[in-house]
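Working notes for the structure below.
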Amino acid sequence: MTLTAVEKSLSEALSQSLNRVYGFSPAPFALQETRREFSGTFTAVVFGWAKDLRLSPEVVGQAIGEDLVKTCTLVSGFSVVKGFLNMELNAPVWHSLFLTIRDDSAFGCKPISKEAPIALVEYASPNTNKPLHLGHLRNILLGHSVAKLLAADGQRVKRVQIINDRGIHICKSMLAWQKFGEGETPQSSGLKGDHLVGKYYVAFDAAYKAEVAQRMAQGSSEEEAKKSAPLLVEAQDMLRAWENNDPAVRHLWSTMNGWVYEGFNATYDRLGVSFDQNYYESDTYLLGKSDIERGLANGVFYRREDGSVWIDLTSDGLDEKVVLRKDGTSVYMTQDVGTAIQRSKDYNMDSMTYVVGNEQDYHFKVLFLILKKLGYDWADRLFHLSYGMVDLPTGRMKSREGTVVDADDLLDEMEQTAEALSEELGKLEGMPTQEKKDLYRTLGYGALKYYILKVEPTKRMVFNPEESIDFNGHTGPFIQYAHARIQSLLRKGQRVEYDVHSISWDAREEELVYQIAKFPSVVSAAANSHNPSLVAQYVYDLVKVFNGYYQNISILNAETPQIAAFRLDLSATVAYLLHKGLDLLGIEAPQRM
RNA sequence: GGCCCCGUAGUUCAACGGAUAGAACGAGCGUUUCCUAAACGCUAAAUCCCAGUUCGAUUCUGGGCGGGGCUACCA
């Protein structure tokens, strides 16, 4: 028996009781969890029924409860507090829940069939002119986790990213490298490729600003100075040369982008994320034009006198939006339309999730509307996972002010903190050096990933670089620690045959099984809402309950070997779910720590 | 100006319209001859303001106040 099955039967039994006692058929209702301070597992809210019946909630609750205990084998007892009917489950229900879970090796995950829907998840999507920062980290961790969640929900998932590898910003770092680089390479400098290129992007900005200031000192207006600064003009020339396939520019471009990819891949590897396909903007930036032309013929778009092409979304509560400039060139929107259509050709996907910050909410509203108006049936199953920014206590991170938190630096710092902490605790005696290093990563990254993923994606979150991320309390390592302790139990304990029905359960064991049994519905809720924080919250709650159990109930030294074996199985199930839950968040579960 | 998000302990985060608003960090106190004390227990501490709907509002509606974002023929 599963928990949802129990809940369903219980709801039906309640309806029948209402009918039997009062001749009353309630509207569909949901049960809620009984609050921890009261005894019971499920609670029915009686207020609404009492109002319809014109009776006091206590009277109705009492009458229904009495009928339920007599007629429903699931329920062993009940209590009525105000208008709340708290119901306790019978021991065999607990036994059955436990056995179902214990014997299901894939508990909580749906199998992926050959006909399962295909879900594309786009995430990361960096520019190739600077290294990854904390904002990318939130994006990447969310995307990676959502991809895992959708797979656990039984979908065929494809992970993709679009790499913004062309454009004026790329030319800026190329130009600066040409002018100031003196042939510097990742090898010669020892710098990671993406950091090296980022350095020249910054160098461009500095030199450009100096030029602007100089011109303004000579009497130019700010606007004029910004437009006519030689460096900018040169960068624009370089972009044109790139578009005209100038061999030298293209060579420099592919060399520097190559450095950046090496750098990005190193960071992706550290994070344990990967992609099934990369889309490059240099390949896709011309896509979409023909789709616009087609839509123009169908009346989706219209052409203005100056030749530019627009879509009128005022009847949808939005504005008018340009999709082709008067010179016939694309805008960002055009490319995104083209890329989406390209992906439908590549994958014939049923749905697509874009992991992109909430500053682009408007953009995606428009994009989805356009695709719908162009008649694509999958346009209804596009989802913008719009996450909030990661802010500093002082506000937004600004690269120009040097307040950006670099992803690699942060990862380094997490490893170091994990090492220092582990050394201090001194529990790793006898562990080989390499294993220790791996463990520091597991713990450090676990702390970081959990810190980011426990927050609901849509919400803005604050990161304070002054305060290092915690390893105690509501953290990744807290959950990892529970897992490691259970592994230690499993190494020491003896598994013998036992009969669950003949063991008398502690209330904590029922609570634990209840918590365990919730897992599948948490996974599907998280997948449906694209929300890893539900899983993060779940594993935390599970550990809280388990730690209370561990603290108060002796597992290895139970009264009999049979009881010990039962408790070990219960603990093993918890460990399995912690492992599985953490994995859905992209976090590893250590054997020891 | 228009449109869209968000205001919860000192701080970082929770709470399908339900019970006495939960955690964690930080502060204070306690638990180890016992399965890993990165743990467990106890104490103090919060819904921005004003109305409305409701048996019941942190949650829904309206109005303030405060913060952020979008509002380019940029990407």
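Reminder, nothing fancy here: chain letters follow the sequence lines and each chain counts from 1. Computed from a prediction, not measured in an experiment: that's the story for all the values here. Every heavy atom of this structure was used, including side-chain atoms; hydrogens, water molecules and symmetry mates were not.
- At a threshold of 4.0 angstrom between heavy atoms, the contacts of A/F478 are confined to the sugar-phosphate backbone, with no base atom among them.
- For the pair A/L570 CG and B/rC35 C1', the interatomic distance rounds to 15 Å; values are reported in whole Å.
- A sub-4.0 Å separation between OP1 or OP2 of B/rA24 and a side-chain N or O of A/K544 is present.
- In this structure, the side chains of A/L232 and A/K172 come closer than 4.5 Å at one or more pairs of heavy atoms.
- Lacking a ring centre under 5.5 Å from that of the base six-membered ring together with a plane angle below 30°, A/Y550 does not count as stacked on B/rA39.
- You'll find that the side chain of A/Y481 is closest to B/rU36, out of B/rU36, B/rC73, B/rA75.
- Qualifying side-chain contact (heavy atoms from CB on, under 4.5 Å) partners for A/P532, counting only residues two or more places apart in sequence or in other chains: A/L142, A/S145, A/V146, A/L149, A/L453, A/P457, A/L585.
- Distances shorter than 4.0 Å separate none of the side-chain N or O atoms of A/R35 from OP1 or OP2 on B/rA15.
- Between A/R485 and B/rA37, a side-chain N or O to OP1/OP2 separation shorter than 4.0 Å is present.
- Relative to the side chain of A/V322, the nucleotides B/rC40, B/rC73, B/rC13 differ in distance, and B/rC73 lies closest.
- Within residues 42-62 of chain A, the residues approaching RNA chain B are A/T43, A/V45, A/F47, A/K51, by heavy-atom distance under 4.0 Å.
- Counting only Watson-Crick and G-U wobble pairs whose two key distances fall under 3.5 Å, RNA chain B forms stems of three or more stacked pairs at B:1-7 with B:65-71, B:10-13 with B:22-25, B:27-31 with B:39-43, B:48-52 with B:60-64.
- Checking B/rU12, B/rA14, B/rU36 against the side-chain heavy atoms of A/Y451 singles out B/rU12 as nearest.
- Nearest to the side chain of A/V462, among B/rU12, B/rC35, B/rA19, sits B/rU12.
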>> Under the criterion side chain to side chain contact (heavy atoms under 4.5 Å, CB included), I'd like the reasoning laid out for A/T43 against A/L85: C-alpha separation, chi angles, the key distance, then a yes or no.
In response: CA-CA 5 Å; A/T43 294; A/L85 171 60; 5.8 Å; no
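- Side chains of A/Y285 and A/L287 form no contact here, defined as non-hydrogen atoms less than 4.5 Å apart.
- If you check residues 359-368 of chain A against RNA chain B, the residues with a heavy atom closer than 4.0 Å are A/E359, A/Y362, listed by number.
- Scored by the side-chain contact (heavy atoms from CB on, under 4.5 Å) test, A/Y481 finds A/K427, A/R485, A/M593 as partners (sequence neighbours excluded).
- The stretch residues 306-316 of chain A comes close to RNA chain B through A/D306, A/S308, A/W310, each having a heavy atom under 4.0 Å from the strand.
- Atoms CD1 (A/I479) and P (B/rA23) sit 16 Å apart, rounded to a whole Å.
- A distance of about 8 Å separates the C1' atoms of B/rG28 and B/rA44, rounded to the whole Å.
- Taking atom C1' on both nucleotides, B/rG26 is separated from B/rU59 by 29 Å, rounded to a whole Å.
- Here A/F383 and A/F368 keep their ring centres 6.0 angstrom or further from each other.
- Nearest nucleotide to the A/E456 side chain, out of B/rA37, B/rA24, B/rA15: B/rA15.
- Under the side-chain contact (heavy atoms from CB on, under 4.5 Å) rule, A/F478 has a single partner from A/Y540, A/Y450, A/F471, which is A/Y540.
- Side-chain contact between A/E588 and A/L582 is absent, with no heavy-atom pair separated by less than 4.5 Å.
- Atoms CG (A/N547) and C1' (B/rC40) sit 8 Å apart, rounded to a whole Å.
- For A/R54, there are no side-chain contact (heavy atoms from CB on, under 4.5 Å) partners at least two apart in sequence or on another chain.
- Each of A/T329 and A/G317 was matched to the nucleotide of RNA chain B holding its nearest heavy atom; the match closer to the 5' end belongs to A/G317.
- A sub-4.0 Å separation between OP1 or OP2 of B/rG69 and a side-chain N or O of A/R396 is present.
- Protein atom CD of A/Q551 is 11 Å distant from nucleotide atom P of B/rU32, rounded to whole Å.
- For the C1' atom pair drawn from B/rU11 and B/rA27, the interatomic distance equals 12 Å after rounding to whole Å.
- Separating the CG atom of A/L534 from the C1' atom of B/rA15 is a distance of 12 Å, rounded to the nearest angstrom.
- One side chain, A/D569 or A/Y498, offers a donor N or O that lies under 3.5 Å from an acceptor on the other.
- Within 4.0 Å (heavy atoms only), A/M461 reaches sugar-phosphate atoms of the nucleic acid but no base atom.
- For the P atom pair drawn from B/rU31 and B/rA37, the interatomic distance equals 15 Å after rounding to whole Å.
- Phosphate contact (OP1/OP2 of B/rA39, side-chain N/O of A/N472, threshold under 4.0 Å): present.
- Atom-to-atom, CD of A/E467 to P of B/rA24 comes out at 18 Å; the value is rounded to the nearest Å.
- Atom C1' of nucleotide B/rA75 and atom NZ of A/K172 are separated by 11 Å, given to the nearest angstrom.
- Across all strands, A/L421 comes closer than 4.0 Å to base atoms (heavy-atom distances).
- Electrostatic pairing of A/R460 and A/D391 counts as a salt bridge here, judged by a charged N lying under 4.0 Å from a carboxylate O.
- Distance from the side chain of A/Q32 is smallest for B/rG18 among the nucleotides B/rC13, B/rA24, B/rG18.
- The 5' end of RNA chain B is approached more closely, in terms of each residue's nearest nucleotide, by A/V81 than by the other of A/V81 and A/L428.
- Within the structure, the salt bridge (charged side-chain N to carboxylate O under 4.0 Å, His left out) test picks out the following pairs touching residues 549-567 of chain A (sequence neighbours left out): A/E509-A/R567, A/E559-A/R567.
- Within the nucleic acid shown, A/K326 comes within 4.0 Å of at least one base atom, counting heavy atoms only.
- If you check every strand for non-hydrogen atoms under 4.0 Å, A/L443 touches a base.
- Two residues are said to be in side-chain contact when any heavy atoms from C-beta on lie closer than 4.5 Å; A/I163 and A/N127 fail this criterion.
- Under 4.0 angstrom from either OP1 or OP2 of B/rA23 there lies no side-chain N or O belonging to A/R36.
- When the salt bridge (charged side-chain N to carboxylate O under 4.0 Å, His left out) test is applied to A/E293, the partners found at least two apart in sequence or on another chain are A/R303.
- Which of B/rG18, B/rU36, B/rA24 sits closest to the side chain of A/L489 comes down to B/rU36.
- Applying the salt bridge (charged side-chain N to carboxylate O under 4.0 Å, His left out) rule to A/R441 yields the partners A/E415; only residues at least two apart in sequence or on another chain are considered.
- Taking A/R304 as the reference, A/Y302, A/D306, A/S308, A/W310, A/E320 meet the side-chain contact (heavy atoms from CB on, under 4.5 Å) condition, with sequence neighbours excluded.
- A/S422 comes within 4.0 angstrom of a nucleotide base, judged by non-hydrogen atoms across all strands.
- Every pair passing salt bridge (charged side-chain N to carboxylate O under 4.0 Å, His left out) that includes a residue from residues 31-43 of chain A is listed here, sequence neighbours excluded: A/E33-A/K518, A/R35-A/E37, A/R36-A/E511.
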